Amino acid sequence: MTDRHLPMVVPAQDLPARVRIHEVGPRDGLQNEKRTVPVEVKADFIRRLAEAGLTTVEATSFVHPKWVPQLADAEELFPLVADLPVELPVLVPNERGLDRALALGARRIAVFASATESFAKANLNRTVDEALGMFDPVVRRAKDRKARVRGYVSMCFGDPWEGAVPIHQVVRVCKALMDMGCDELSLGDTIGVATPGHVLELLSELNEEGVPTSALGVHFHDTYGQALANTLAALQHGVTTVDASAGGLGGCPYAKSATGNLATEDLVWMLHGLGIDTGVDLDRLVATSVWMAAHLDRPSPSRTVRALSHKE
Ligand code: HMG
Ligand code: MG
């Protein structure tokens, strides 16, 4: 008998046995919602994600509250979830943000660079190099405090203002973040234009320039429906950290053509079908996204959420 809540497991060759899902729904998802979600609902969202088996849940951002009003409650939210038995990374753009995060006991920090000048200006009000200069003391001080640091690189494949992004431009920013002391990088396809060959080319170039695959995570938005294909290519290359957002929430307020992230449920369906362990309970995760969709008053764009929550 088949269980329509589970894919049939048929492993494929040369894939990792386990993948760590870096859940970004509460941050990348909610930062882009028109409706600001009450802080208690955000805390409940994070708790439910942890109970569904996600071990890394990006909680919020300590950015300027006027730049991202949806996450202006970071000081209220973080203490409500700090005791959960999961990693809770937070975004920090500068020393002011780091001070705020460290004061609340944050142990995982993420800085967020751009591979393009246009997005660096739109998102951080800085040039690419000015932004890297802004992150340098953040990474140093975070490492001194024994925090783990992730370096995001946005617009790794295409940019809404500049078009296709040359790979050497991406590699330069990645290397700068690694030299600064970042523990891992997340390669952002902010507007979802990447295709699998492009992903493999970037990963290979990074390896050739000395950045090991073990330090690389992938962060795909699903604008053109390519996120799962790109993820599979990255897994075949050896990547084991994949960012995703419960229910496919997301986007970026400073890149208008960015739609939702790869939905965590769609990712989990594929990984479990391939026999790859994630530790995630798909039914609980779907129930969480259905619950969140009710709060946001719109259905989840995730195909898997729709299929599994469909009433017969
Ligand atoms: P700015 O206007 O240049 O700031 O913004 P400033 O450095 O000139 O400071 C101006 C004032 O803001 C000062 O106050 C600072 O103290 C204050 P004043 O002295 O005038 O009273 N300030 C802060 N207050 C609270 N918290 C802070 C902070 N920093 C300064 N951290 C800034 C520069 C970086 C602050 C701004 O551009 C910003 O906050 N940007 C954040 C944008 C953002 O969060 N975007 C979304 C995340 S990125 C993303 O989604 C992509 C990703 O998902 C990967 C992908 O998909 O590609 C990660
Ligand atoms: Mg993103």
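One is the number of the first residue; the rest follow in order along the sequence. Note that ligands are numbered from 1 as they come in the structure, with each ligand's atoms numbered from 1 the same way. The structure presented is a predicted model; accordingly, all values stated were derived computationally and were not measured.
Taking Y152 as the reference, H219 meet the ring pair (Phe, Tyr, Trp, His ring centres under 6.0 Å) condition, with sequence neighbours excluded.
Between the side chains of Q31 and S61, not a single donor N or O lies within less than 3.5 Å of an accepting N or O. Checked by atom type, the side-chain pair S186/D243 shows a donor-acceptor distance below 3.5 Å.
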Chi angles and distances behind the salt bridge (Lys or Arg N to Asp or Glu O under 4.0 Å) call for R96, D99: CA-CA 5 Å; R96 176 76 201 281; D99 291 340; over 6 Å; no

### Query
Under the side chain to side chain contact (heavy atoms under 4.5 Å, CB included) criterion, do H22 and R150 qualify, and how do the steps go?
CA-CA 11 Å; H22 184 111; R150 158 177 264 224; 3.4 Å; yes

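Heavy atoms of N94 found under 4.0 angstrom from ligand 1 belong exclusively to the side chain. The backbone and the side chain of N123 each have at least one atom closer than 4.0 Å to an atom of ligand 1 (non-hydrogen atoms only). At a heavy-atom distance under 4.0 Å, atoms from both the backbone and the side chain of V63 approach ligand 1.
In D28, the N, O or S atom that comes nearest to the Mg ion (ligand 2) is OD2.
In this structure, D281 contributes its side chain and A52 its backbone to no donor-acceptor pair below 3.5 Å.
Here the shortest heavy-atom distance to atom 51 (C) of ligand 1, taken over A72, S154, A113, belongs to S154. The heavy atom nearest to atom 52 (C) of ligand 1, considering only K121, R100, Q31, R27, is found in R27. When the options R126, R96, M134, H64 are ranked by their closest heavy atom to atom 7 (O) of ligand 1, first place goes to R126.
T60 has its side chain out of reach of I46: every pair of non-hydrogen atoms, C-beta onward, lies at least 4.5 Å apart. Here the side chains of L296 and E33 are in contact, with some heavy-atom distance below 4.5 Å. Side-chain contact check for L249 versus F45: some heavy-atom pair is nearer than 4.5 Å. By the 4.5 Å heavy-atom criterion applied to side chains, L84 and R47 are counted as neighbours.
Numbered from 1 in the order shown, with element, the atoms of ligand 1 that lie under 4.0 Å from a heavy atom of H221 read 56 (O). Which parts of ligand 1 touch H219 is read off a 4.0 Å heavy-atom cut-off, strictly below it: atoms 53 (O), 54 (C), 55 (C), 56 (O). Using a 4.0 Å cut-off to heavy atoms of N125, the atoms of ligand 1 that qualify are 1 (P), 2 (O), 3 (O). Set against the non-hydrogen atoms of P93, the atoms of ligand 1 under 4.0 Å away are 31 (N), 34 (C). Within ligand 1, the atoms closer than 4.0 Å to a non-hydrogen atom of G97 are 31 (N), numbered from 1 in the order shown. Taking every non-hydrogen atom of D28 and a distance limit under 4.0 Å, the qualifying atoms of ligand 1 come out as 50 (O), 53 (O). Numbered from 1 in the order shown, with element, the atoms of ligand 1 that lie under 4.0 Å from a heavy atom of V68 read 43 (C), 44 (O).
G247 and S300 make their closest contact through O-OG, 2.8 Å (heavy atoms, listed as atom of the first residue, atom of the second, distance).
Inclusion of D243 in the first shell of the Mg ion (ligand 2) is not supported: no N, O or S atom falls under 2.8 Å.
Expressed to the nearest 10°, the angle at the Mg ion (ligand 2) joining NE2 in H219 with NE2 in H221 is 90°.
The shortest N/O to N/O separation between P65 and ligand 1 does not fall below 3.5 Å.
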